[in-house]
Amino acid sequence: MLLSSLRVLFQHGRQYIKHLDKVKLCDEFRGRPVLQSAGLTAAAGRELCRFCPTGAIGIGADGLCLDMGRCLFCGECAVRYPNHVRFTNDYRLAATTREGLVVSERAGDSVWTFDHRAVRPEIKRLFGRSLQLREVSAGGDNSCEMELGAAGNVNFDMGRFGIGFTASPRHADGVVVTGPVTANMARELETTWQAVPEPKLLIAVGTDAISGGLFAESPAVDRTFFDRHTPDLYVPGNPAHPMTFITGVLALLEHDRQRAAEPLTE
């Protein structure tokens with residue numbers, strides 16, 4: 001029996017990702033965008049901005065800009081305007097501020113920079129070795145929820161860093177919100193948040209949670225929770241990839257601070 005089990009393990013090989021800083025996702029994955037306005041006429045620029053259903057694309061002082069907190073990562077803008085919008089396979093997208101999700105065509109915006117100055121000092125001090133989170137699907141479509149579940153599977157195994165999900169908010173260190181926060185979940189989300197003992201942290205995962213996404217103007221949505229509580233971490237994506245979530249939380253806890261701004265390697 002033991003030899004049979006060892007033979008199976010040998011055949012499967014190493015299933016978990018050993019070095020998270022060396023992961024390279026497939027080229028088809030749509031991650032951090034790269035923008036270029038050169039050659040874009042004023043009329044085409046206005047059309048490009050109107051083309052996005054969530055208003056994620058705009059033109060400012062730094063040229064084209066894209067709000068990853070609103071972006072659906074559908075890639076249609078890149079298909080229609082390939083010379084001006086391109087999505088890389090860089091999954092490191094999380095930010096500590098809402099402004100940190102806005103990417104412009106400045107050269108520095110093509111590389112992940114995590115603002116550790118915006119992180120409350122007690123987060124690293126209290127949760128650096130163990131972090132238990134209560135996930136609340138506030139009207140989500142189950143896509144981000146599935147990806148968060150995958151973050152704890154044998155491949156990504158975020159539990160090795162002391163990060164996990166717990167069933168009770170009273171046993172949690174913080175709350176992870178997915179979904180646009182529908183009206184019938186607004187009170188329940190607030191109740192869950194109040195049940196988590198202080199100090200606690202808040203993480204918004206996915207476009208719907210960060211901005212409301214396609215549902216932002218819906219009368220069925222009540223986002224007043226985010227008017228009262230500011231997230232400590234924003235994890236964009238539609239849905240957010242497990243690697244985006246894990247690297248974002250690790251950066252929040254400063255597990256990987258020295259590599260935060262390094263380019264991806266093989």
Side-chain angles (χ1 to χ4, degrees), residues 17 19-25 29-33 67-71 73 88-103 109-120 123-124 126-136 140 143-153 155-165 172-179 200-211 226 229-264:
I17 300 172
H19 300 293
L20 290 178
D21 58 311
K22 295 182 179 181
V23 174
K24 186 177 187 299
L25 300 185
F29 174 77
R30 288 187 286 271
R32 178 171 294 276
D67 184 351
M68 294 189 295
R70 291 186 176 186
C71 182
F73 291 87
T88 70
N89 61 351
D90 188 354
Y91 52 82
R92 300 175 301 175
L93 311 173
T96 51
T97 64
R98 186 66 181 84
E99 295 75 18
L101 295 179
V102 179
V103 175
D109 283 355
S110 61
V111 178
W112 187 45
T113 54
F114 195 89
D115 188 1
H116 290 273
R117 297 169 300 179
V119 180
R120 290 180 289 136
I123 290 180
K124 168 63 166 58
L126 297 176
F127 308 131
R129 296 178 61 86
S130 177
L131 178 66
Q132 293 299 304
L133 301 166
R134 176 67 169 96
E135 197 272 322
V136 177
S143 59
C144 275
E145 293 82 353
M146 290 179 66
E147 295 300 301
L148 288 176
N153 68 19
N155 301 111
F156 301 105
D157 189 21
M158 68 178 181
R160 61 182 138 154
F161 304 108
I163 306 168
F165 292 106
D173 303 310
V175 172
V176 174
V177 182
T178 56
K200 51 192 172 185
L201 55 86
L202 178 62
I203 303 176
V205 177
T207 300
D208 290 348
I210 295 173
S211 67
F226 288 111
H229 311 292
T230 302
D232 295 286
L233 183 68
Y234 298 88
V235 184
N238 192 52
H241 194 278
M243 287 299 302
T244 306
F245 178 75
I246 295 172
T247 53
V249 174
L250 289 180
L252 184 72
L253 303 178
E254 299 192 79
H255 274 268
D256 206 23
R257 181 169 183 174
Q258 71 276 14
R259 293 172 176 167
E262 291 183 6
L264 288 174

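Closest non-hydrogen pair, P242 versus A151, comes out as CB-CA, 4.0 Å. Minimum heavy-atom separation, P33 to M68: CD-SD, 3.8 Å. When every heavy atom of C144 is checked against every heavy atom of G206, the shortest pair comes out as SG-CA, 3.7 Å. Here the shortest heavy-atom pairing between G248 and A94 reads CA-CB, 3.6 Å. Closest heavy-atom contact between F165 and L148: CE1-O, 3.7 Å.
A side-chain donor-acceptor contact under 3.5 Å links T96 to the backbone of D115. Remark: side-chain polar atoms of W112 are not paired, donor with acceptor, to backbone N or O of Y91 under 3.5 angstrom. Of the possible donor and acceptor atoms, one in the side chain of N89 sits under 3.5 Å from a partner among the backbone N and O of L25.
S211 contributes atom OG, which lies 9.5 Å from atom CG of L101 (distance to the nearest 0.5 angstrom). Of the inter-residue distances, the one linking L131 atom CG with L133 atom CG reads 4.0 Å to the nearest 0.5 angstrom. Rounded to the nearest 0.5 Å, atoms CG (D173) and CG (L126) are 8.5 Å apart. The CG atom of L93 sits 15.5 Å away from atom OH of Y234, with the distance rounded to the nearest 0.5 Å. A distance of 9.0 Å separates CD1 in I163 from OG in S130, rounded to the nearest 0.5 Å. Here K22 contributes atom NZ and I17 contributes atom CD1; the two are 13.5 Å apart, rounded to the nearest 0.5 Å.
Considering only heavy atoms from C-beta on, V119 comes within 4.5 Å of F114 through its side chain. Between M158 and L250, the closest side-chain pair of non-hydrogen atoms is not below 4.5 Å. Counting only heavy atoms from C-beta outward, the side chains of T244 and V205 never approach each other to under 4.5 Å. In this structure, L233 and L201 have side chains that are not in contact, with every pair of non-hydrogen atoms separated by 4.5 Å or more.
The salt bridge (charged side-chain N to carboxylate O under 4.0 Å, His left out) analysis of residues 231-250, with sequence neighbours excluded, yields the pairs R120-D232. Screening residues 234-249 for salt bridge (charged side-chain N to carboxylate O under 4.0 Å, His left out) gives no qualifying pairs among residues at least two apart or on separate chains.
Listed by chain and residue number, R160 satisfy the side chain to side chain contact (heavy atoms under 4.5 Å, CB included) test with D157 (two or more places apart in sequence, or in another chain). For E147, the side chain to side chain donor-acceptor pair (under 3.5 Å) test picks out no residue, with sequence neighbours left out. Residues satisfying the ring-ring contact (aromatic ring centres under 6.0 Å, His included) criterion with F226, sequence neighbours excluded, are absent altogether. Applying the side chain to side chain donor-acceptor pair (under 3.5 Å) criterion to T178, with sequence neighbours excluded, gives E135, E145. In terms of the side chain to side chain donor-acceptor pair (under 3.5 Å) criterion, N153 has no residue partners (sequence neighbours excluded). Here F29 pairs with H241 under the ring-ring contact (aromatic ring centres under 6.0 Å, His included) rule; sequence neighbours left out. Annotation: side chain to side chain contact (heavy atoms under 4.5 Å, CB included) contacts of T88 (sequence neighbours excluded): R32, V34, R86, D90. In this structure D109 satisfies the side chain to side chain donor-acceptor pair (under 3.5 Å) test together with S104, sequence neighbours excluded.
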Task: Stepwise side-chain contact (heavy atoms from CB on, under 4.5 Å) test for E254 and I123 - done: CA-CA 9 Å; E254 299 192 79; I123 290 180; over 6 Å; no

